[in-house]
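Chain letters run A, B, ... following the sequence lines, proteins first and then strands; every chain starts at 1. These numbers come from a predicted model, not from an experiment.
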Amino acid sequence: MPELPEVETIRRQLEPWIIGQTVVGATSHPSHKFTPAVEICGATFVSANRRGKFLLFGLDDSRELVVHLGMTGQLLPHAARDDKYLRASWDLASGDHLGFRDVRRFGRIRVAEDGVYEGALATLGPEPFDPAFSPQSLWMAVKKSNRHIKTQLLSQRVVAGVGNIYADEACFLAGVHPGARKLTKAKAERLHDAIVTVLRQGVDNGGTTLRDYVAADGEAGNNQFHLVCYGRYGEPCVACGDELRRTTLDARTTTFCATCQTR
DNA sequence: CATGTCGCCTGCGAGC
DNA sequence: TGCTCGCAGGCGACAT
């Protein structure tokens, strides 16, 4: 379940390796989710960027390779060519190759004209580490909607890159009930700071590996050892000792502390 | 437009 | 041991 910290870890590892590499061949799974992979034959990678959970690989022909990892996507230099879960593969002029492995096929590959985006990528909110994401911007956005706070975080429109793990962590850290629909200014500030904190910690720890996530070097992350809320229902709250509860919020499994997190 | 629901996918672990 | 079934969950399509 790659979220911003996992995607950023992959980006940082791929950037020095992929820039300057020219695609000389490509194959893909027949699903339309992956077939655009072959459209970049002949192009050379010139940059490796990220917006939210999307990887954006700039090409030398004013296009970008857009990759979303979905739930189980992995980008692996030197991936085994006979891997049954390989959904796309790019052969590079250097003799190297890059594989997109995705067991559950929730991932997606697209090719866009530079900066011309569609779908979720086009309506993405500000990057969490950008000044455009502020206590004020969070408060204003939340004020406009009636949806549960956690659901708004997952929408990618208030801030980009937050998924289920970091949403639970941020709400816990801020003392915000995930099912709240409104925030005071003070709580918006705490939630803003918590979002930035948990995402930065995730990046610093190389991402969270619970099941499928590995970085581009094939290594697992370490942030799973630092989670204090996500998935820990039944365990005592690290702050007050009461049992963390599990609930379903807008079809998402949610863990929270009913004592510490208030509406 | 805002909001809510469903389908996409496959491996895994619990329960029988 | 072997089977079924629920669960994991981001995003797009579609309905209200």
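Distance, A:Arg108 CZ to B:dC8 C1': 10 Å, rounded to whole Å. In this entry the distance linking CZ of A:Arg51 with C1' of C:dC11 reads 16 Å, nearest Å. A straight line from CG of A:Asp250 to P of C:dC11 spans 16 Å, rounded to a whole angstrom. In this structure, A:Lys150 atom NZ and C:dG10 atom P are separated by 8 Å, rounded to whole Å. A:Leu124 has its CG atom 15 Å from the C1' atom of C:dG12, to the nearest Å. The distance between atom CD of A:Gln156 and atom C1' of C:dC11, rounded to the nearest whole Å, is 9 Å.
Enclosure of atom CZ in A:Arg245 is not indicated, since only 12 or fewer non-hydrogen atoms of other residues, nucleotides or ligands lie within 6.0 angstrom. Open room surrounds CZ on A:Arg157; 12 or fewer heavy atoms of other groups in view lie less than 6.0 Å from it.
Side-chain atoms of A:Arg105 and base atoms of B:dC9 include no donor and acceptor less than 3.5 Å apart.
For the pair A:Thr253 and C:dA8, the criterion of a side-chain N or O lying under 4.0 Å from OP1 or OP2 is met. Side-chain N/O atoms of A:Arg252 include one lying less than 4.0 angstrom from OP1 or OP2 on C:dG10.
Side-chain contact of A:Asn205 with A:Asn222: a donor-acceptor pair under 3.5 Å is absent, judged by distance alone. No side-chain donor from either of A:Thr254 and A:Tyr233 sits under 3.5 Å from a side-chain acceptor of the other. The closest side-chain donor-acceptor pair between A:Tyr213 and A:Gln224, if any, does not fall under 3.5 angstrom.
In this structure, the separation between OG1 on A:Thr27 and CZ on A:Arg81 is 8.0 Å, given to the nearest 0.5 Å. The line from CD1 of A:Ile10 to CD of A:Gln74 is 8.0 Å long, rounded to the nearest 0.5 Å.
Proximity note for A:Arg104 (side chain, C-beta onward) versus C:dA8, C:dG12, B:dC8: the nearest is C:dA8. Here the side chain of A:Arg110 is nearest to one of C:dA8, B:dT10, C:dG12, namely C:dG12.
Using a 4.0 Å heavy-atom criterion, one finds that A:Arg246 contacts the sugar-phosphate atoms exclusively.
Under the salt bridge (charged side-chain N to carboxylate O under 4.0 Å, His left out) criterion, A:Asp130 pairs with no residue at all, not counting sequence neighbours.
A heavy atom lying under 4.0 Å from DNA chain C marks the following residues of residues 64-73 of chain A, by number: A:His68, A:Met71. DNA chain B is contacted by A:Ser145, A:Asn146, A:Arg147 of residues 139-149 of chain A, taking any non-hydrogen atom closer than 4.0 Å.
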